[in-house]
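We count ligands from 1, going down the list as the structure has it; atoms in each ligand are counted the same way.
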Amino acid sequence: MTDDHSKIRELEHRNFRNDDFWKEIPGWSAVTRGEFADHKWQMKHSIRKVEQVRKILGSRLAEKDFNDILEGQKITPMNIRITPYIFALIDWENPLDDPLRKQFLPMASQFLPDHPMYLADSLSEDDDSPVPMLTHRYPDKVLFLPTTICPVYCSYCTRSRIIGGSTETIEKETYGANQKKWDDVFEYLLQHPMIEDVVISGGDAFMLTPAQIRYIGENLLKIPHIRRIRLATKGIAIFPQKILTDDAWFDAVKHIHKFGKAFGKQVVIHTHFSCSREITKWSQMAMDKIFQAGIIVRNQAVLQNGVNNHVDEMVLLTRQVGFLNIQPYYVYMHDMVPGCEHFRTTLREGVELEKAVRGTTAGFNTPTFVCDLPGGGGKRHVASYEYYDEENGISVWKAPHVKPGELFTYFDPIGKLSPEAQQRWGDEKIRKAMIDEAIKKAR
Ligand code: SF4
């Protein structure tokens, strides 16, 4: 790396935006830094309805873009909720191509028909659920979903079937934290001594109250065989002001971290930065506070078309989160869930991105690219498939320690295949024969 341009690019991951960017939003031009920093202000002014988008942006939003967003609400399985922080980071001069707008505010024009093999519960979490709100798939690890709400709703959410309230396209059974059922989860864990690891997700741990965090944390950590708990939250990425100004919430997290430490147990945070544009000086300040409290944070990103499926972007994201003392842990292939075909990439893209990112920084700061297998096979390294028919976009996998003897299939998005392959997918008989053939070759 000898020329100046390369040197600047090498250090790009250390430059964090620190201007009053929200003042470019007409409705917030008079909002002070102090107000913007306040978690209560952020929650109160979160965008919950399309009409608010027009009100806050005024003439900055073209009528055609507004209508596109409005129509998007008739297709997406997710409600709208966007923090002012993320909303103000969107490039409103070009919302169509903006990676943040794509993730949180769907436009009808971007949607593609769902893949014929998609499933609402693509990962079969409900099938592997012994009691409500719990998925027990791996021998020593469980997924606990104590709430169904989040500080933002991501258009690509893998749990769109349950998260964030009903929409025009889908009825959802529950909303919020259903505390009555938590004790059944603790009882199940108590009765299963092989379980050591609990992921507390949802929904998002940012939406649990301090009392709920203490209650869940203490009850889990008191179970003798539980060794590790992870709080899963996208919050650091989309709402860093909460870490900085909601002292009661952060004190509760510090409390269970200390509580766990006293028992020799780990309490960590798993967060969810998916692209470099989500990262600003606010993220750095929040992470400094978490790091100083001694809490480990890991990152799980989702590979998304037009958001982060480019080598430069993925390298920048990886180096940025590493610089913030967040360990890049996973990059997921997008799950095959409804309303997400436009976000998905081919498996080949995942494999090539993994190759390109590896070696750009230290190994422990390099994410593993995985495919969470449809049907409940669990997470597998992207290059560990048994067979991959790239022409027709069919990969076949095994998960020997999760579901011995079973084969699993993952499918590339049809829109990225050749016109001939797309035609084959249009014929149900040919489609079945292609899948059978791939499975046969994998055996
Ligand atoms: S924060 Fe997580 S659970 Fe909530 S909508 Fe986004 S992806 Fe889904």
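Residue contacts with ligand 1 for C150 involve side-chain atoms from C-beta outward but no N, CA, C or O (heavy atoms, distance under 4.0 Å).
Atom CG of residue L145 and atom CE of residue M133 lie 8.0 Å apart, to the nearest 0.5 angstrom.
When each atom of ligand 1 is checked for a heavy atom of C154 under 4.0 Å away, the hits are 1 (S), 5 (S), 6 (Fe), 7 (S).
Within the 6.0 Å centre-distance limit, the rings of F206 and W249 are counted as a close aromatic pair. You'll find the ring centres of F369 and H381 outside the 6.0 Å limit.
The protein atom (non-hydrogen) at minimum distance from atom 2 (Fe) of ligand 1 is H272 ND1, 4.4 Å. In this structure, the protein non-hydrogen atom closest to atom 8 (Fe) of ligand 1 is C157 SG, 2.3 Å.
Side chains of D204 and T233: a donor-acceptor N/O pair is present below 3.5 angstrom, by distance only.
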